[in-house]
Each structure stands twice: as structure tokens, then as C-alpha cells.
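Have a look at the structure below, then the notes.
Since we're looking at a predicted model, the values are computed, not measured. Proteins come first, then strands; the chains are lettered A, B, ... in the order of their sequence lines, and each starts at number 1.
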Number of protein chains: 2
Amino acid sequence: MSSEDGRKMVRFSVVSFGPPGSSLAVIGSCASLGNWSLEKAVSMKPRLANARLQSEPDFHWADVDIPEAGSERIEYKFVERGNDGVKWEELGGHQNRVLELEAQEDGQAVLLPVVRFAEPGGGESDHTARFYQGVKERGEISIRKVLEQLFVGSCPRHRSHIDQLKSLGVSVVVNFQTEEDCKRNCVSGIGMEEDPMAVSRVYDSKGMQYIWMPTFDMSTDGRAQMLPQASFLFGQLIRRGHTVYSHCNAGVGRSVAAACGYLTFFLGLSLRQMQHVMASSRPVAYFDFEAMERARPHYQALFGVEEFLEKDGKCKEEALALL
Amino acid sequence: MSSEDGRKMVRFSVVSFGPPGSSLAVIGSCASLGNWSLEKAVSMKPRLANARLQSEPDFHWADVDIPEAGSERIEYKFVERGNDGVKWEELGGHQNRVLELEAQEDGQAVLLPVVRFAEPGGGESDHTARFYQGVKERGEISIRKVLEQLFVGSCPRHRSHIDQLKSLGVSVVVNFQTEEDCKRNCVSGIGMEEDPMAVSRVYDSKGMQYIWMPTFDMSTDGRAQMLPQASFLFGQLIRRGHTVYSHCNAGVGRSVAAACGYLTFFLGLSLRQMQHVMASSRPVAYFDFEAMERARPHYQALFGVEEFLEKDGKCKEEALALL
């Protein structure tokens with residue numbers, strides 16, 4: 001794994017909406033990646049597997065020892081093997097992906113950026129909409145555990161969803177929906193269509209805490225504005241022993257951003273480490289790196305670099321152990 | 001001042017919109033309060049005096065040694081002496097106020113509730129509207145210092161108001177306006193009518209931090225919901241050396257509530273002490289004691305009782321020294 005002889009352990013990761021039963025593999029232009037021979041493609045492991053919701057993507061990964069790294073240009077792509085045969089990524093003008101290895105800490109697999117399986121018409125917003133419409137139409141809640149004390153997901157739509165959160169040990173629900181979001185996507189039967197705060201009385205009755213941080217949707221400005229205080233608040237709550245559920249409408253954008261902020265600003269993970277921790281536990285996550293970069297100096301100016309307490313250190317170890 | 005012989009030092013306080021040049025006095029049914037003789041009424045000191053804005057009320061107070069306390073029923077009221085003569089409070093059905101002394105720490109003046117000078121048509125919302133319309137029509141900003149590191153006031157309406165905040169040492173502006181509030185009451189010439197977050201770029205350019213916590217106006221529910229995290233955030237920012245400006249539209253309700261939460265939940269002042277500290281620095285303040293009581297158990301469940309750092313202790317001493 002030393003870089004002197006060019007050998008590197010490299011982690012390939014891809015998020016895919018491929019149907020249940022399909023599996024992903026990585027294939028490429030060097031011997032370690034099968035020299036474009038499908039029989040020798042490297043199989044990837046799915047993270048959620050049977051735990052996936054019908055409309056939810058999965059996170060697939062494989063660690064590959066690449067002795068050729070550094071000595072030649074390596075191209076690769078992902079393939080999906082299902083009942084209908086093999087589906088290759090369609091990368092448009094860019095026929096293949098190119099392996100680019102950035103320096104990372106010795107002794108760890110090099111983490112490549114987490115990408116989405118490339119297919120025509122499969123843009124970011126299509127994926128999110130597809131996932132979210134499914135959750136909405138079926139009246140589901142999509143809850144994913146990131147760390148022992150941190151869950152991320154979609155908004156509760158029924159009282160039973162709140163019971164479900166409680167049974168998972170959630171003690172604080174942090175909601176990033178705007179007032180309009182609350183009215184349109186809400187817990188049925190409690191009057192939220194009129195009063196977005198009606199849900200706070202349900203949490204009260206369950207002995208759960210509820211924090212509302214209204215944040216614009218689909219907006220880097222909105223996420224950058226919310227990130228410093230939300231990240232800090234998550235850290236302070238988790239440090240005090242709380243288990244936090246972060247939600248917005250779908251649990252893709254705003255709620256993910258806040259959890260990413262906690263992992264990065266509060267626990268000190270690198271952006272790449274954060275992306276792997278988050279994408280592997282919540283494959284549908286959207287990463288707003290621009291908002292993260294814009295929020296970072298504000299976080300530091302507001303809160304400085306937090307001194308780690310024992311509790312925070314454990315959470316960081318837990319996160320790194322997921323890599 | 002011991003309670004055994006019935007002598008007590010009692011602090012009378014009243015907030016009044018009386019015109020500049022007028023002064024307040026307290027008068028009542030015992031010798032210490034002049035036995036209803038105007039010549040012997042006890043003059044009160046104004047807090048803001050010439051620093052008042054045209055539409056802003058003042059806080060008036062007087063400490064009175066009352067030997068009769070405990071031995072007889074004492075009635076009193078406030079009178080305003082101005083160019084047009086003397087104006088007595090009009091208490092409607094209740095002709096007079098009745099002195100009710102609650103047990104308080106020995107060695108301190110007993111703090112009576114801060115009340116408003118009672119006059120016909122002078123309800124809470126009239127006072128607030130009167131103040132606020134004045135500020136709005138004249139394009140003013142009304143900034144009041146509560147503690148060295150905590151200011152409360154109305155929204156900035158011009159870029160020069162932001163410069164004014166900076167010159168006062170404010171490093172973090174916390175805004176409780178809703179999106180609609182921002183659009184209707186905003187800094188002119190920067191496009192906030194369209195984009196409520198336009199102001200964040202102005203703060204950026206001045207090297208100031210900006211936190212937006214949208215909160216429903218005129219709503220005890222809204223204030224109770226916001227109070228725990230806002231109070232905690234104020235404490236954490238001030239502990240880190242920041243000077244916070246808390247604003248909403250008028251600087252009467254939401255922004256005052258958050259500052260009250262900091263004084264009470266974070267610094268540990270009693271509600272009465274908090275009211276005196278706040279009303280004396282910002283006489284137009286509205287006190288939502290119901291929201292405070294509802295928020296208290298949530299604050300404790302979320303954040304527990306903070307351990308005081310040296311910095312917090314100093315802030316608490318500073319607050320108590322104002323009494």
C-alpha cells in the first residue's frame with residue numbers, strides 16, 4: 001500500500017437505483033480491474049441490500065489493490081448486472097472515468113469520490129424526485145442511521161412514524177422544513193395543514209424534543225446559511241447524550257447537509273471521509289460541497305475549533321470505523 | 001432591611017411613554033409613599049432619559065424604604081408630572097395598585113414586577129405599534145445594550161445601520177424575522193424585497209457573522225419553540241467572546257424573548273431579575289412569561305444545566321450589577 005512501488009488500495013464507490021437483485025461491478029483498463037473483460041470485473045458489495053425501500057438507491061463499494069497506480073493512465077466505469085443482462089454506464093462525451101488518486105493518509109484505502117451510476121436522464125434532481133415521489137405516494141418514512149446517535153431521513157407523515165423514531169431511541173427531532181413544506185408534507189390528522197407547529201405537541205406527548213430550523217429548499221444559499229449553527233447544535237446535543245433525527249422533506253438535501261456539517265466541522269472528518277460515511281448510510285444523499293466550503297469560515301468564526309470531549313472522540317472513531 | 005421588623009427596601013419600576021421633560025413618581029397610602037400627598041410622592045429616576053428615541057418609552061425606578069411593609073395593606077400608583085400638570089394612572093376597575101411583596105434574597109431591594117404606566121387605550125399592542133410605527137416611518141434603528149456583549153433592537157433598514165452595529169462591536173447578528181418580515185422590513189437597496197438572504201452578503205462584506213432563525217411573530221407558540229436553542233446559542237456565542245445583536249422587526253417580542261432566555265436559562269437569573277435587567281435597558285420590551293415557562297423544561301431536556309465558565313460568571317455578575 002505504500003506509494004513508492006505504485007501499489008495502492010483504492011476504494012471504488014457508486015450509488016445506483018438498479019433494481020433489487022442487480023449487482024454492481026467496476027471494470028477498467030488495467031489487470032486489477034479486469035482489462036475490460038466482464039468475467040474479470042470486480043464485484044462490489046451493496047450497503048443496504050434488502051433494507052432498501054422500493055424507490056431508494058443503494059451504495060456499492062469495492063476495495064481494489066492496484067499495483068499499476070501511478071505508472072499508467074487507468075480508465076474505468078461501473079456496470080450493473082441484473083436479470084436483463086449487463087448495463088454499462090453511459091458517460092456521454094466522456095467515454096470512461098479516469099482514475100485520479102489524491103494523496104491520502106498512509107495505511108488507508110484511497111477513497112475515490114462517491115459517484116452516481118451514470119445513465120441517460122439520470123440527473124441529480126431526477127434521482128431525488130424519483131425517490132421522493134415514491135416515499136410520498138406510499139406514505140412512507142425513510143430513516144437511515146448514520147451513527148449511533150445520528151439518524152437522517154424524510155419527514156414523518158403519520159403518527160406511527162413518530163413512534164418509530166422513538167423506538168429507535170431518537171430523543172431530539174430537528175426539522176429543516178419551511179412553513180410551506182410543513183403544510184404540504186405533514187403528519188396527517190393533527191392539523192398541520194393549518195398550523196405547522198401542531199407536530200410539536202405530538203412530540204411533547206411522546207416526551208421527545210423538537211427543534212425547528214426553517215431553511216430554504218434547493219438552495220445553496222439556504223444551506224450555507226443554516227450549516228454553521230445546525231452543525232454546532234448537532235454536536236452539542238450528541239455530546240449531551242441525545243440521539244438526533246435530522247429531517248427535511250425527503251431527507252436528501254437540507255437534513256443531509258446538517259449531518260454532513262456535524263461530521264466535518266464538529267468531528268473534523270475530511271470532506272471525502274464525510275461523503276463516504278454519509279453516502280454509505282444514506283445512499284440518496286445529495287452533497288452540497290459548495291455550501292460546505294462557504295459555511296466553513298463562518299463556522300470557525302462563530303464557534304472556533306471545538307475541543308474534543310471524550311464523547312466527541314468516540315463519535316469520530318465510530319464514523320471512521322465505517323470507512 | 002430585615003423582614004422581622006417589617007422594614008423593606010422596595011424597588012418600584014414603571015415603563016412610560018410620557019413625553020420628554022415629564023418625570024414619574026410613585027405615591028401611595030403609607031408615609032413612605034407620601035400618604036397620597038403629591039408633594040411627598042417619591043420621584044423616580046429615568047434610565048434612558050435623553051437617549052430615548054421619539055417614540056420610545058422610558059424605564060423609571062425608585063428604591064423606597066417601607067417600614068410599614070407587612071403591618072398594613074399598602075396601595076399605590078404612579079403619577080406623571082409634565083408641562084401640562086400631573087397625570088395619574090387610570091387603572092379602571094382597580095382604583096389603585098396593591099403592594100405585594102414576595103420573599104426575595106436578603107440584602108437586596110425587593111423587585112416589584114415592572115409594569116406599564118396605566119392609561120386609557122394604552123394596551124400592550126398599542127404601545128408596541130406606536131413605537132414600531134415611529135421607528136419604521138422615520139427609517140430608524142433602535143439599538144439597546146443589555147450587557148457588554150448583548151444588544152437587542154429593531155431590524156436594520158439602511159446600510160448605515162449595519163455600520164452602526166459594527167461600530168458598537170457587534171460581531172454576530174441573530175435575526176428572528178420570518179421570510180415575509182425580511183421582505184417587508186428590510187435593508188433598502190440590496191434586493192431583500194426579492195431575496196431575504198441578500199443581507200447576509202452585506203454582513204459578509206463587513207466581516208460580521210449572520211444567523212437567521214425565522215420565528216413566527218406575535219405567537220407564544222413560536223417563541224416557546226425558538227427559545228431553547230436560541231438561548232443556548234446566545235450563551236455559546238457570548239462565551240466565545242462574541243457580541244450579539246438580537247433583532248426581529250421592532251425588537252420588542254422575539255428578539256427580546258431570546259435575550260430573556262439567555263439571561264434566565266443560560267445565566268440563571270430569576271424571571272424577576274431578568275425582567276428588571278431587560279426592561280431597564282430596553283423599556284419597550286414585551287415579556288412573554290408563558291413562553292418562558294413552557295420553554296424551560298425543553299431547554300433543560302436539550303442542554304441540561306450548563307456548567308458556568310469564568311466568562312459566563314462575569315456576564316451574570318454584570319447583569320446582577322444592573323439591579
Side-chain angles (χ1 to χ4, degrees), chain A residues 171-182 195-201 203-204 207-216 219-242 244 294-295 297-307 309, chain B residues 171-182 195-201 203-204 207-216 219-242 244 294-295 297-307 309:
Chain A
S171 56
V172 184
V173 174
V174 185
N175 176 12
F176 294 95
Q177 293 176 301
T178 62
E179 183 183 352
E180 278 309 304
D181 291 330
C182 288
D195 174 11
M197 298 217 291
V199 74
S200 70
R201 291 184 282 276
Y203 290 119
D204 253 3
M208 299 165 79
Q209 300 302 316
Y210 174 64
I211 292 176
W212 187 24
M213 302 183 80
T215 303
F216 288 135
S219 158
T220 290
D221 280 353
R223 288 184 283 251
Q225 176 67 54
M226 156 279 276
L227 263 166
Q229 60 268 27
S231 314
F232 179 74
L233 193 61
F234 279 24
Q236 293 285 342
L237 291 169
I238 289 169
R239 169 182 289 183
R240 283 166 175 75
H242 281 290
V244 172
R294 279 167 52 186
H298 294 291
Y299 181 91
Q300 286 169 347
L302 286 165
F303 306 112
V305 177
E306 275 285 301
E307 234 174 280
L309 299 184
Chain B
S171 56
V172 184
V173 174
V174 185
N175 176 11
F176 294 95
Q177 293 176 301
T178 61
E179 183 183 351
E180 277 310 303
D181 292 331
C182 287
D195 174 11
M197 299 216 291
V199 74
S200 69
R201 290 185 281 277
Y203 289 120
D204 253 4
M208 298 166 80
Q209 300 301 317
Y210 175 64
I211 292 176
W212 188 23
M213 303 183 79
T215 302
F216 288 135
S219 159
T220 290
D221 280 354
R223 287 184 284 251
Q225 176 67 56
M226 157 278 276
L227 263 166
Q229 61 268 27
S231 314
F232 179 73
L233 193 62
F234 279 25
Q236 293 285 342
L237 290 169
I238 290 168
R239 170 182 288 183
R240 284 165 175 74
H242 281 291
V244 172
R294 281 167 52 187
H298 293 291
Y299 180 91
Q300 286 169 347
L302 285 165
F303 307 112
V305 176
E306 275 287 300
E307 234 175 280
L309 300 183

Quick one, A/Arg201 with B/Asp221, criterion side chain to side chain contact (heavy atoms under 4.5 Å, CB included). Give me CA distance, side-chain angles, the key distance, then yes/no. CA-CA 10 Å; A/Arg201 291 184 282 276; B/Asp221 280 354; 3.7 Å; yes

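- Of the atoms belonging to A/Ile211, heavy atoms from both backbone and side chain fall under 4.5 Å from chain B.
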Can you list, pair by pair, the side-chain donor-acceptor contacts under 3.5 Å of residues 224-232 of chain B, counting residues two or more places apart and other chains?
unit_1, atom_1, unit_2, atom_2, d
B/Gln225, NE2, A/Tyr210, O, 2.7
B/Gln229, NE2, B/Gln225, O, 3.4
B/Ser231, OG, B/Leu227, O, 2.5

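- When all heavy atoms of B/Met197 and A/Ser219 are compared, the closest pair comes out as CE-OG, 4.3 Å.
- For chain A, no part of B/Arg294 is nearby; none of its heavy atoms comes within less than 4.5 Å.
- The shortest non-hydrogen separation linking B/Phe303 to A/Arg240 is O-NE, 3.1 Å.
- Side-chain contact between B/Asp204 and A/His298 is present, with at least one heavy-atom pair separated by less than 4.5 Å.
- Of the residues considered (B/Met213, B/Arg239, B/Glu306), B/Glu306 shows the highest number of contacts with chain A, using heavy-atom pairs under 4.5 Å.
- Nearest approach of A/Val172 to B/Leu302, heavy atoms of both residues: CG2-CD2, 3.6 Å.
- For chain A, the nearby part of B/His242 is the side chain; its heavy atoms alone come within less than 4.5 Å.
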